[in-house]
Amino acid sequence: MLFSRHCRTILENICTIRYLSTKVVLDPPSIGDVYRTNVRIGRLTREGRMELARKLFDEMPTRDVVSWNAIMTGYWKNGFLGESKKLFDSMPLRNVVSWNSMIAACIESGSIDAAFLYFSQMPERNTASWNVMIAGFIRYRMIEKAVKLFEEMPRRNVISYTAMIDGYAQVGEILKARQLFESMPGRNEVSWTVMISAYVEAAKFDEARELFRRMPYKNVVSVTAMITGYCKEGNMEDARVLFEQIQRRDDVSYNAMITGYSQNGRGEEALRLLVDMISRRLRPDQYTLVSILAACSNLASLTQGKQTHALVFKYRLHTHVSVANALITMYSKCGSLLDSQSAFEHICTPNIISWNTIIAAFAQHGLYEKALYFFNKIDSLGLEPDGITFLSLLSACGHAGMVKESLYWFESMKTIYKVEPRCEHYACLIDILGRSGRVEYAYKMIQEMPSEADLGVWGALLAGCRSSLNIELAELAAQEIMKLDPRNSGAYVMLSNIYAASGLWRNVTKVRRLMKENDAKKQTAFSWMEIGDTVHYFVGGDASHLAIDEIHALIIQLYSQMKAMENIT
DNA sequence: CGAGAGCCAT
């Protein structure tokens, strides 16, 4: 600043001299004018006001390389890559920043190869050039190439190291990330935050906490990263303490906290925090509303869901696909399938998640035919079904009780669609087989699995043994679950229920004792429903609801009706 | 004028 003011004074003196001697009426443009205009162009581009920035640029009597760089960078940052490339090609002079910006533009637009071509061709590089390229390779998960550049580069700074740490973390190489973090010459708050986030992502919460504690200076970003860690751990109390400690909470820290409440089944608190956020004049964005809609889904509260839908319009977020997808789920989980379908149909360009979501919605409501109809339409926009698509489709088969179809789709996903089934698919299929009494066959499938069966797979088998009272397989499945997770109360409860249903009371006692020994506590299940503006809660064994007698009578009636239908089919 | 960090949907 001091420098430019100094220059300006000298220049003004020169201009004055010229003015006196040649009687030029207009001031010639000074370096200060160019500098000031460059700053203004930069600001306008960051605000997205490209037309105005361009006008300013066009009207400049003299431009320097910074002016060109500013307008060129502005174009690609606002999504006009073509313009940006045109400007780069027509620039009268380029410096290293022009090249760096062009490389970044290519990376942003998805062409890493073009980026590397520019990188290779540029006349000289500085550290930022290498850093841009490394970050580009990392974004495309080309970690080896990033490592190669990192090792080749003549000088590394804190940004190079931090980018590389993030790269290792993104591909799950958390140890290498930590090694680099320990070996780097100087760390700043970004480096610390990247490392903390890496541990949070890897669910290594103790390490994250330890680093956070040791971190010398914390800012809102690092604290938010740690909040996310606490939330993922389910420790909402410590998350809230940290959140309250932030001096200047911003939208992202609110979003992290709201998401935490939503994902930990504390929807009311998520909604309260949204109100708090708005009252503090922070503007909810797509992240906020996606999480709030998820909270409404979990609360199964159509009233809150509709109000949130109104907020979506108020904040003009209905154009975001992620928000629309969250709306589909919300309406489905709140029981309004028509609104769910309508939310889907209002999306201009549904992505694969949108399709998966609407299929899952029909699946949850047992509408196999509709799920299949939407499945068949997926490729119409050049999209391909993925693992989750088939999970939704299989779950549709399950909820509609279609065993043959589920086996068909399970095979087709491998052979026709080239999607490898994972544990979740097996668990879903085994659940279907189990419900139809085919536990032996289900067990055969588990044995043929290419990978090790997980908790969900064995849990599905164990649950299936309940209806067919297959003690042998039930014990086997329960053992596997206890091996994987000794404190999993579900397995003990299920097994003990199966023993009880078979009259093996001695074994029931044994399982109960085992459960106590392994410190597996059964947590009380409860459900609730919203009628009008009242929420009705139901806890197992609790008869305090005002209309409990009527409810029991209705359940008995429904049960006999279902039994009657079972006999027909 | 260019490089690294926190929050979202099946």
Side-chain angles (χ1 to χ4, degrees), chain A residues 35 38-39 41-42 45-46 64-74 77 94-105 107 126-136 138 157-167 169 188-198 200-201 219-229 231 246 250-260 262-263 284-294 297 317 320-330 332 351-361 363-364 386-389 391-392 395:
Chain A
Y35 172 80
N38 288 347
V39 170
I41 290 174
T45 58
R46 278 189 294 277
D64 62 8
V65 65
V66 177
S67 329
W68 284 90
N69 289 346
I71 193 77
M72 180 192 96
T73 307
K77 286 214 169 167
R94 293 180 193 128
N95 63 7
V96 63
V97 177
S98 331
W99 287 88
N100 291 351
S101 177
M102 201 55 221
I103 295 170
I107 292 167
N126 60 12
T127 309
S129 325
W130 292 84
N131 288 347
V132 174
M133 204 58 234
I134 287 173
I138 287 171
N157 61 12
V158 62
I159 297 180
S160 331
Y161 278 95
T162 307
M164 217 42 241
I165 292 170
D166 193 36
N188 62 14
E189 58 267 70
V190 183
S191 332
W192 283 89
T193 308
V194 165
M195 201 58 234
I196 290 170
S197 290
V200 168
E201 178 61 35
N219 60 18
V220 62
V221 181
S222 52
V223 178
T224 305
M226 195 59 233
I227 288 177
T228 307
C231 291
I246 304 176
D250 62 8
D251 49 345
V252 182
S253 37
Y254 266 93
N255 288 344
M257 202 63 213
I258 289 174
T259 305
S262 169
Q263 291 179 344
D285 60 8
Q286 69 269 33
Y287 294 95
T288 323
L289 286 184
V290 161
S291 290
I292 290 293
L293 285 168
S297 308
L317 295 167
H320 290 263
V321 190
S322 55
V323 174
N325 293 345
L327 277 170
I328 301 172
T329 303
M330 183 277 289
S332 166
N351 60 17
I352 188 64
I353 301 180
S354 318
W355 289 98
N356 293 348
T357 309
I358 191 66
I359 292 171
Q364 275 153 10
D386 63 8
I388 313 248
T389 317
L391 208 53
S392 301
S395 125

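Note on naming: letters A, B, ... go to the chains in the order of the sequence lines (proteins, then strands), and numbering restarts at 1 for each one. What you see below is based on every heavy atom in this structure, not just the backbone, and it leaves out hydrogens, waters and symmetry mates. Computed from a prediction, not measured in an experiment: that's the story for all the values here.
Rounded to whole Å, the distance from CG on A/N188 to C1' on B/dA5 is 9 Å. When the C1' atom of B/dC1 is taken as reference, atom CH2 of A/W68 falls 14 Å away, rounded to whole Å. In this entry the distance linking CD of A/E201 with C1' of B/dC8 reads 14 Å, nearest Å.
Applying the 4.0 Å criterion to OP1 and OP2 of B/dC1, one finds that A/K77 has every side-chain N and O outside that range. Note on A/R94: every side-chain N or O is 4.0 Å or more away from OP1 and OP2 of B/dC1.
Checked by atom type, the side-chain pair A/N325/A/S322 shows no donor-acceptor distance below 3.5 Å. With no hydrogens or angles considered, a side-chain donor-acceptor pair links A/T162 and A/S191 at under 3.5 Å.
Within 3.5 Å, no donor on the side chain of A/N219 pairs with an acceptor on the base of B/dG6, nor the reverse. Between the side chain of A/N356 and the base of B/dA9, no donor-acceptor pair under 3.5 Å is found. Residue A/D250 places a side-chain atom within donor-acceptor reach of the base of B/dG6, judged by atom type and a 3.5 Å distance cut-off alone. For A/S322 against B/dC8, a side-chain-to-base donor-acceptor contact under 3.5 Å is present. For B/dG2, its base never sits under 3.5 Å from the side chain of A/S101 at any donor and acceptor pair. At a cut-off of 3.5 angstrom, the base of B/dG2 holds at least one donor-acceptor pair with the side chain of A/N126.
Taking every side-chain heavy atom of A/D166 into account, B/dA5 is the closest of B/dG2, B/dC7, B/dA5. Nearest to the side chain of A/A163, among B/dC1, B/dG4, B/dG6, sits B/dG4. In this structure, of B/dC8, B/dG2, B/dA9, it is B/dA9 that holds the atom nearest to the side chain of A/I353. Ranking B/dC8, B/dG4, B/dG6 by closeness to the A/I159 side chain, first place goes to B/dG4. Candidate nucleotides B/dG4, B/dT10, B/dC1 were compared by shortest atom distance to the side chain of A/T357, and B/dT10 ranks first. Among the nucleotides B/dC7, B/dC1, B/dA9, the one closest to the side chain of A/A70 is B/dC1. Which of B/dC7, B/dG6, B/dG4 sits closest to the side chain of A/T259 comes down to B/dC7. Closest to the A/V221 side chain, of the nucleotides B/dA5, B/dA9, B/dT10, is B/dA5. Residue A/E189 places its side chain closer to B/dA5 than to any other of B/dG2, B/dA9, B/dA5. Minimum atom distance to the side chain of A/V252 is reached by B/dG6, of the listed B/dC8, B/dG4, B/dG6.
For the pair A/T288 (side chain) and A/D285 (backbone), a donor-acceptor distance under 3.5 Å is present. No donor-acceptor pair under 3.5 Å is formed between the side chain of A/S101 and the backbone N or O of A/S98. A/S262 contributes no side-chain N or O that, together with a main-chain N or O of A/I258, makes up a donor-acceptor pair within less than 3.5 Å. The backbone N or O of A/I359 lies less than 3.5 Å from no partner atom in the side chain of A/N356, so there is not a single donor-acceptor pair.
At a threshold of 4.0 angstrom between heavy atoms, the contacts of A/V200 with the nucleic acid are absent. The residue A/T329 sits close only to the backbone: its heavy atoms come under 4.0 Å of sugar-phosphate atoms, none of a base.
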